[in-house]
Each structure stands twice: as C-alpha cells, then as structure tokens.
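The structure appears right after this line, and notes come after that.
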Protein chains: 2
Amino acid sequence: MNRDDPDDDSPRRAHTGRRRNEDARRAILDAVLVLLAESGGAPVTIDTIARAAGVGKQTIYRWWPSKGAVLLEALTGLAGDVVSPPEADTLRADLSSFVAATFRGARAESTASVLRSLVREAARDPHAADLVRTFTASRRDALRALLTRHPNELAPGADLDLIVDQLYGLFWYRFLLEHRPLSGEAATALAEALAGQAGTPPSGPR
Amino acid sequence: MNRDDPDDDSPRRAHTGRRRNEDARRAILDAVLVLLAESGGAPVTIDTIARAAGVGKQTIYRWWPSKGAVLLEALTGLAGDVVSPPEADTLRADLSSFVAATFRGARAESTASVLRSLVREAARDPHAADLVRTFTASRRDALRALLTRHPNELAPGADLDLIVDQLYGLFWYRFLLEHRPLSGEAATALAEALAGQAGTPPSGPR
DNA sequence: GACTTGCCGAGACCATCAGTCTCGATAAAG
DNA sequence: CTTTATCGAGACTGATGGTCTCGGCAAGTC
C-alpha cells in the first residue's frame with residue numbers, strides 16, 4: 001500500500017530523510033471516519049478530507065493509491081465489530097445472532113454512512129470495487145464458517161452458497177434501497193427461514 | 001419529464017414553432033442502448049451519447065432532466081421482457097420460471113450492461129437513484145403478485161416480503177459482485193428453496 | 001410567401017472532483 | 001551543516017455533467 005518501504009515497523013534499513021508522520025496518518029483516517037459518519041452517505045471529497053485532517057492532498061496520495069483505498073482502510077477497523085460470532089450450541093442460534101449482529105451494525109448511522117460511501121466509491125473507482133469484493137468475500141467466508149461449524153445439523157445436499165447469498169443479498173438489497181428496514185424482526189425471520197433451508201427439517205429438505 | 005407541454009399526443013393546444021423531433025428522440029434512446037450494450041458497464045458519457053445520436057447535448061437536456069433519466073427510459077423498454085410470467089398451475093412452477101427468466105435476462109450482455117450502468121449512475125445521481133427505486137419496486141410488485149396468485153399454496157404465516165427480498169437480494173448481490181454466476185442451476189435451486197419457504201411444507205413451516 | 005416561435009446541432013463555457021506537480025519548509029540522519 | 005524524504009499548501013490537469021449561446025431551420029400563422 002505504501003510506496004517502496006518494505007516495512008514500516010522495522011527501522012533497520014538505512015533511511016535518511018524525514019520519516020512518515022504517524023500523526024498525519026491517524027489524522028487522515030480519523031477525519032475520513034468522522035466525515036463519513038457525518039456525511040450520511042453524501043460524497044466525501046479528497047479536498048475535504050485533507051482539509052479536515054490538516055494535511056496536504058499529496059500526503060494522502062503518497063501513502064494510498066486512491067480515495068477508495070483510504071475509505072477501505074478506515075472501514076477495516078469497523079468490520080471487526082460485526083464479525084465475532086459467539087459460538088452457540090445450535091446452528092439456528094448461531095445464525096440468528098449473526099444476522100441480528102449484521103443488521104444491527106447497519107442500523108448504526110456511523111457504520112451505515114461508511115458502507116454507503118464505500119459502495120458509492122466502488123461504482124466509480126475500480127480500485128475501490130476490488131476492495132469491496134474482497135471485503136464482501138471475507139464476510140461470506142465468515143458466514144460459511146459459521147454454517148459448517150454445525151455439520152451434523154446440516155442437510156446433506158444443503159446449498160450453503162445459496163444460503164449465504166440469500167442472507168447477504170437481502171442485507172445489501174434492503175440496506176441500499178431502503179424500501180424496508182433491516183429490523184430485528186426481519187433478522188429473526190430471515191435466520192429462521194435460512195436455518196430451515198440449511199438444516200435437516202422436521203421431515204425432508206424439500 | 002418534458003418541459004411544460006401537458007400532453008404530447010394531443011396537438012390541441014395552440015403551439016407555434018417547430019415541434020419536437022421524434023427522430024432525434026429515437027436516435028438518442030437507440031444510441032444509449034447501443035452504447036450501453038457495447039460499453040460492458042463502463043461509464044457512458046453524455047457527450048458520447050450526443051455524438052452517437054448526431055444530436056446536440058441541449059437536445060438531450062431539453063427533454064430529460066439528467067443522464068440517469070435517459071438511461072432509465074432506455075431501460076424501460078427492456079424491463080418488459082423479463083417480467084411476463086406465464087401463468088402456471090403451481091406456485092413452484094411459476095416461481096421457477098420467474099427466477100429463471102430474471103437470471104436469464106441478466107446473463108444477456110446487453111441487458112446486463114444497461115443494468116450495471118444504471119446502478120453506477122444511481123450511485124452518483126440522486127435522480128437516477130429514485131428511478132432505480134421505482135424500477136426495483138415494480139419488479140417486487142410483479143413477484144409479489146405472482147406469489148399471491150396461488151393463495152391456497154401459501155403457508156398462512158408466510159412472509160412474502162422476506163421471500164421477495166431474498167430472491168431479488170441474491171439476484172442483485174450476485175449480479176453486481178459477480179462472485180458466483182446467475183446460472184440456471186442457481187435459479188432452480190433458489191426457486192425450490194423459496195417455494196419450500198413460502199408454500200405449505202410437508203410438515204410445518206418452522 | 002413573409003413572419004413568429006420554438007426546436008435543432010454545435011460547441012463554448014462552467015463547476016466539481018480525482019489525482020499530479022511544484023515549492024518552500026522541516027525533520028531525521030550522517 | 002549537508003543530504004534526503006516528508007510535510008502542508010495550493011496551482012494545475014483532465015474528465016465529466018450540465019448550462020448557455022448562436023445561427024439555422026421547420027411548423028405553424030397571417
């Protein structure tokens with residue numbers, strides 16, 4: 001992500017000249033988070049970020065390749081919050097808490113603004129689009145891992161990819177279109193429906 | 001959508017001066033469709049459209065409020081293709097053909113390009129975003145109508161909104177992220193899963 | 001057929017914004 | 001004190017959506 005330094009942490013290499021200003025880096029990422037949270041999804045420009053961080057634009061582009069990259073790095077910290085699925089003893093319980101946590105995260109205005117801005121950026125910046133792909137893939141992996149944590153509860157022919165995409169599909173669909181809320185009730189209903197799809201049902205899978 | 005004429009079809013009102021050039025209108029919409037289909041989702045600029053249609057930019061902005069509006073009007077014609085659900089005798093069959101048709105439409109490169117460009121536009125132009133909302137709402141309505149066409153096959157407490165959003169959620173999620181194809185197999189599997197979720201199952205809904 | 005009115009194509013023009021370039025200042029190292 | 005790389009600041013470039021202007025032309029009216 002940086003220019004040519006092999007490692008920021010090991011000052012082993014002979015390096016004359018001024019070093020990277022860590023305060024500036026923090027100020028930039030903090031400013032991004034603040035501006036994104038305040039913007040409510042409205043576009044946040046590079047100039048605004050630089051201004052808010054009290055930093056020159058070049059200082060941003062010296063360390064990040066594009067605006068989308070900055071947004072993503074700022075977002076990375078937030079991602080961890082939603083993941084952490086508590087290991088429950090049934091698939092249904094695990095799934096339910098996962099969906100609930102995901103929906104809850106999107107209801108937090110600060111998180112929602114960041115996600116919305118990231119999506120908007122991805123529609124324009126191919127670099128940001130790649131990062132969104134990486135991000136969403138990691139979320140799918142997390143969900144898939146959760147599902148396979150209860151192998152004995154899974155129906156033999158259960159199509160996990162289909163289930164995962166139904167969950168995140170509905171999530172993003174509602175999140176972006178806002179035609180219907182990502183409520184706790186919806187989370188429960190979705191988790192129930194998908195658990196029924198994945199798990200060995202009372203009688204048969206279909 | 002136009003400037004101030006109450007109705008295009010009734011030339012009842014005294015209207016001196018040159019009339020709207022229908023050829024230009026067609027040329028613009030055709031050019032949009034062609035360019036969109038060729039672009040493969042890459043951005044199509046207003047200048048390109050005007051150039052391709054052999055038209056001045058002002059002629060576009062005289063009749064449409066924004067680029068997104070032009071894209072949507074061009075898209076409207078295509079929407080009809082995918083809708084038309086044949087009235088089958090079971091919910092499962094109706095749903096299956098609906099999903100298959102929807103997925104098939106997205107696999108057609110020309111349609112896909114238009115949809116992708118429209119989404120990209122919506123991320124930037126609030127006007128286009130409204131139009132996308134209208135468009136997706138009409139599709140949900142169509143699906144909902146299809147589901148309620150077989151009331152006796154529906155489970156009493158079936159959450160139709162959830163089912164609709166699971167379907168279109170997965171559709172858009174896969175369509176935009178492209179991590180997994182909208183294949184015929186996926187269509188079948190999804191239809192099966194949702195039919196099971198909606199319909200009175202062999203034993204009980206949960 | 002001349003006049004009026006409003007659309008037409010063409011393109012100059014403007015604003016916005018991502019990203020680059022330059023400059024003088026400054027900090028870290030020899 | 002010299003060298004080197006980063007810093008803040010901001011001018012600049014290029015792309016693009018959208019507006020404005022202009023000479024020309026077509027559809028009516030008189």
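All values derive from a computational prediction rather than experimental measurement. Within every chain, numbering begins at 1; the chains are lettered A, B, ... in the order of the sequence lines, protein sequences first and strands thereafter. Side chains are part of it too, since the values below use all heavy atoms of this structure and drop only hydrogens, waters and symmetry mates.
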> Is there a side-chain polar atom (N or O) of B:Arg19 under 4.0 Å from OP1 or OP2 of C:dG6?
Replying inline: no
> Whole-Å distance between C:dT16 P and A:Arg120 CZ?
Replying inline: 17 Å
> Taking the six-membered ring for Trp, are B:Tyr173 and A:Tyr168 parallel (under 30°), tilted (30 to 60°) or perpendicular (over 60°)?
Replying inline: parallel
> Charged N to carboxylate O below 4.0 Å: is that the case for A:Asp125 and A:Lys67?
Replying inline: no
> Base, backbone or nothing for each nucleotide of nucleotides 17-25 of chain D, written B, S, -, heavy atoms under 4.0 angstrom, 5' to 3'?
Replying inline: SBBB---BB
> Is any side-chain N of the basic residue among A:Arg25 and A:Glu73 closer than 4.0 Å to the acidic one's carboxylate O?
Replying inline: yes
>> Whole angstroms only, please: what is the CD1-C1' distance between B:Ile60 and D:dT16?
In response: 13 Å
> Expressed in angstrom and rounded to an integer, what is the separation of A:Ile49 atom CD1 from D:dA9 atom C1'?
Replying inline: 17 Å
> In whole Å, what is the span from the CG atom of A:Asp23 to the P atom of C:dA28?
Replying inline: 11 Å
> In whole Å, what is the span from the CG atom of B:Asn21 to the C1' atom of D:dA27?
Replying inline: 12 Å
> Under 4.0 Å between a side-chain N or O of A:Trp64 and OP1 or OP2 of C:dA18?
Replying inline: no
>> Is the shortest side-chain heavy-atom distance between A:Leu115 and A:Trp172 below 4.5 Å?
In response: yes
>> Could you report the tightest heavy-atom contact between A:Ala191 and A:Leu95, atom names first, then the distance?
In response: O-CD2, 3.7 Å
>> Assuming nearest nucleotide by heavy-atom distance, tell me which of A:Gly54 and A:Gly17 is located more 5' along DNA chain D.
In response: A:Gly17
>> Please report the distance, rounded to the nearest Å, between CH2 in A:Trp63 and C1' in D:dG8.
In response: 15 Å
> How close do B:Gln166 and A:Leu194 get, heavy atom to heavy atom, and via which atoms?
Replying inline: NE2-CD2, 3.7 Å
> What integer distance in Å separates A:Glu22:CD from D:dC7:C1'?
Replying inline: 15 Å
> For B:Arg140, which of B:Val164, B:Asp161, B:Leu160 qualifies under side chain to side chain contact (heavy atoms under 4.5 Å, CB included)?
Replying inline: B:Val164
>> So, OP1 or OP2 of D:dA5: does either fall under 4.0 Å of a side-chain N or O from A:Arg20?
In response: no
